[in-house]
Amino acid sequence: MPNLDISNKADNTITAKGYIEQILNQLLIDYQATQGERAKISRWEENQDVSILGIIEILTDTIRGYAFQVMIIPLKMPKKLVMNYRK
């Protein structure tokens, strides 16, 4: 996403939300498209100490959660929520 000009904040917020929505939609498409690959990995992971799929699930859920929050929160987001996004 290109750098957003601060002078046009309202339009930039709408543009940013649209971009986040596009990323969210692509994430959901990619997640569904990789179902077969995830099934293969899960069979391999049965004998492993760490679950790669578990980590991917956590990250995916976190990204989806933040994206959904951005989509429904009014244009003026609370400062605390913005700080969480930066983590």
Side-chain angles (χ1 to χ4, degrees):
M1 184 166 99
N3 290 336
L4 300 176
D5 182 11
I6 202 97
S7 65
N8 206 357
K9 188 175 180 181
D11 289 342
N12 291 342
T13 302
I14 293 168
T15 301
K17 282 188 173 189
Y19 184 70
I20 291 169
E21 185 176 12
Q22 287 175 350
I23 291 173
L24 176 61
N25 290 335
Q26 188 61 51
L27 178 64
L28 295 174
I29 290 168
D30 291 345
Y31 188 78
Q32 291 169 350
T34 59
Q35 185 174 4
E37 293 173 29
R38 287 184 284 117
K40 289 178 187 176
I41 292 172
S42 69
R43 287 190 294 275
W44 173 80
E45 281 187 333
E46 289 175 358
N47 299 323
Q48 304 301 316
D49 293 334
V50 177
S51 170
I52 296 168
L53 288 177
I55 295 169
I56 291 171
E57 291 284 333
I58 291 170
L59 292 174
T60 300
D61 287 346
T62 301
I63 292 168
R64 289 178 60 209
Y66 285 144
F68 281 123
Q69 287 179 38
V70 167
M71 300 309 298
I72 62 171
I73 290 179
L75 297 179
K76 293 183 179 181
M77 292 189 290
K79 188 175 182 177
K80 183 178 178 182
L81 185 59
V82 173
M83 295 305 291
N84 284 337
Y85 292 145
R86 291 183 180 166
K87 290 179 186 179

- Separation between CG (D61) and OH (Y31), nearest 0.5 Å, reads 7.0 Å
- Atom CZ of R64 and atom CD of E57: how far apart are they, to the nearest 0.5 Å?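 Between R64 CZ and E57 CD, I get 9.0 Å after rounding to 0.5 Å.
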- Locate the shortest heavy-atom distance separating G54 from S51; write the atom from each residue and the value.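 That closest heavy-atom pairing would be N-OG, 2.8 Å.
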- Item | Atom CD of Q26 with >12 non-hydrogen neighbours under 6.0 angstrom | yes
- Can you tell which of L59, T60, I58 makes a side-chain contact (heavy atoms from CB on, under 4.5 Å) with T62?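 Exactly one pass, corresponding to I58.
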- Once you round to the nearest 0.5 Å, how far does CG of L28 lie from CD1 of I63?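 Going from the CG atom of L28 to the CD1 atom of I63 covers 11.0 Å.
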- Message: I need the E21 CD to I23 CD1 distance, nearest 0.5 Å.
- Response: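 Taking CD in E21 and CD1 in I23, the distance rounds to 11.0 Å.
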- Query: So how far is it from L53 CG to E37 CD, rounded to the nearest 0.5 Å?
  - Reply: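 Answer rounded to 0.5 Å: 10.5 Å.
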- Query: Do the non-hydrogen side-chain atoms of I20 and Y66 ever get within less than 4.5 Å of each other?
  - Reply: no
